[in-house]
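What you are looking at is a predicted structure, and each value in this text was computed from that prediction instead of being measured. Numbers here simply count residues along the sequence, with the first being 1.
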Amino acid sequence: MAVKGLGKIDQAYDGSNLRIGIIHARWNSVIIDALVAGAIKRMQSLGVKEENIIVETVPGSYELPWGTKRFVDRQKKAGEPLDAVIPIGVLIKGSTMHFEYISESTTHALMQLQDKVNMPVIFGLLTCLTEEQALARAGIDEAKSMHNHGEDWGAAAVEMSVKYGP
Ligand SMILES: O=c1[nH]c(NC[C@H](O)[C@H](O)[C@H](O)CO)c([N+](=O)[O-])c(=O)[nH]1
C-alpha cells in the first residue's frame with residue numbers, strides 16, 4: 001500500500017554508499033527540527049550511514065540557495081563530495097507579501113541550482129498559509145492528519161542519487 005505523498009516506492013534504494021547534505025533554515029525551528037529528523041530517519045532506513053549525513057544551517061529560507069551552493073562547493077573542495085543535498089525551510093504566510101516573494105524566488109533559485117551543482121537538489125521548502133498546515137506536514141499535529149514530509153525528501157534524495165547520480 002503506497003503511503004500518501006510518497007507515491008508507490010517501486011523499490012527501496014540502497015543508500016549505503018551515499019553522502020547527503022541537509023541545509024536548513026532556522027525560522028519556525030520546531031517544525032524544521034521535525035522535518036530534518038524525518039529526512040534523517042528515512043535516509044538511515046535506506047542505508048545511509050549517520051556519518052554520511054551532513055547538516056548545516058542558514059538564518060532563513062531566503063538564504064537557502066546561496067548557502068546550499070557554498071555548502072556543496074566546500075564539501076567537494078574538502079574531498080568529501082555530496083551525492084545530493086536537501087535544503088529545508090518553512091515559510092508561513094504573514095500579513096505582508098514577504099511570504100510570496102521569498103517562496104517564489106527561493107523555489108526558482110533552488111530548481112536552477114541543480115545545474116550549477118550538478119546533483120539533485122531536493123525541494124524541502126514548505127510554503128504554508130497557516131502554522132497548522134506546516135505542523136501537519138511535519139507530522140506533529142494532534143490529528144496526525146499528514147505524514148512527515150521530511151521522510152519524502154530523504155527518500156527522494158536517495159532515489160535520485162542512486163538513479164541519476166553523476
Ligand atoms: O525561513 C523563513 N524565513 C522568513 N523570513 C526570513 C528570510 O528568509 C531571510 O532570512 C531574511 O529576510 C534575511 O535575508 C520567514 N518569514 O519572513 O515569514 C519565514 O516564514 N520562514
Side-chain angles (χ1 to χ4, degrees), residues 1-9 12-13 15 18-68 71-72 82-111 113-114 119-161:
M1 184 269 282
V3 175
K4 184 178 181 314
L6 286 177
K8 183 183 179 312
I9 300 175
Y13 293 95
L18 298 178
R19 278 176 63 80
I20 310 284
I22 293 175
I23 181 166
H24 68 79
R26 295 191 297 270
W27 272 63
N28 304 305
S29 58
V30 169
I31 299 166
I32 288 282
D33 290 349
L35 293 167
V36 171
I40 291 172
K41 174 186 153 195
R42 187 86 179 94
M43 288 193 284
Q44 289 183 321
S45 77
L46 292 170
V48 183
K49 300 178 182 69
E50 186 175 357
E51 62 269 23
N52 287 337
I53 300 174
I54 300 89
V55 181
E56 294 210 1
T57 75
V58 291
S61 295
Y62 180 83
E63 281 76 37
L64 284 171
W66 178 249
T68 301
F71 179 27
V72 169
L82 301 174
D83 292 288
V85 62
I86 313 173
I88 295 179
V90 176
L91 285 159
I92 299 174
K93 172 80 178 142
S95 55
T96 69
M97 290 291 288
H98 203 194
F99 167 85
E100 284 81 353
Y101 290 120
I102 298 176
S103 299
E104 178 85 8
S105 58
T106 301
T107 299
H108 284 297
L110 291 176
M111 170 63 78
L113 191 56
Q114 294 185 104
M119 75 175 64
V121 175
I122 304 305
F123 185 60
L125 193 64
L126 284 190
T127 53
C128 299
L129 299 178
T130 64
E131 187 176 16
E132 291 69 30
Q133 284 183 354
L135 289 166
R137 285 152 183 79
I140 47 180
D141 64 321
E142 291 68 37
K144 291 288 175 209
S145 52
M146 299 187 83
H147 69 281
N148 182 336
H149 284 36
E151 295 180 17
D152 299 348
W153 305 336
V158 172
E159 178 178 349
M160 292 300 287
S161 299

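- Between atom CG of residue L91 and atom CD of residue E104 there is a gap of 12.0 Å, rounded to the nearest 0.5 Å.
- Within 6.0 Å of the OH atom in Y62, the count of heavy atoms belonging to other residues, nucleotides or ligands does not exceed 12.
- Of all heavy-atom pairs spanning A157 and M43, the tightest one is CB-SD, 4.5 Å.
- Residue R19 holds its CZ atom at 10.5 Å from CE of M119, rounded to the nearest 0.5 Å.
- In this structure, SG in C128 is found 6.5 Å from CD1 in I92, a value given to the nearest 0.5 Å.
- Atom CD of E51 has more than 12 neighbouring heavy atoms from other residues, nucleotides or ligands inside a 6.0 Å radius.
- The shortest side-chain heavy-atom distance between Q133 and M146 does not fall under the 4.5 Å cut-off.
- Taken to the nearest 0.5 Å, the CZ atom of F123 stands 3.5 Å off from the OG1 atom of T107.
- Between T127 and F99, the closest side-chain pair of non-hydrogen atoms falls below 4.5 Å.
- Between I88 atom CD1 and T68 atom OG1 the span is 10.5 Å, to the nearest 0.5 Å.
- Atom CD of E159 and atom CG of D152 lie 11.5 Å apart (nearest 0.5 Å).
- Taking the six-membered ring where tryptophan is involved, the planes of H147 and H149 are essentially parallel, since the angle between them stays under 30° and well short of 60°.
- The environment of E63 atom CD is dense: over 12 non-hydrogen atoms of other residues, nucleotides or ligands sit within 6.0 angstrom.
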Tabulate below the donor-acceptor pairs under 3.5 Å that side-chain atoms of residues 20-41 make, not counting sequence neighbours, or state none.
unit_1 : atom_1 : unit_2 : atom_2 : d
R26    : NH1    : T57    : OG1    : 2.7
N28    : ND2    : V90    : O      : 2.8
K41    : NZ     : E151   : OE2    : 3.4

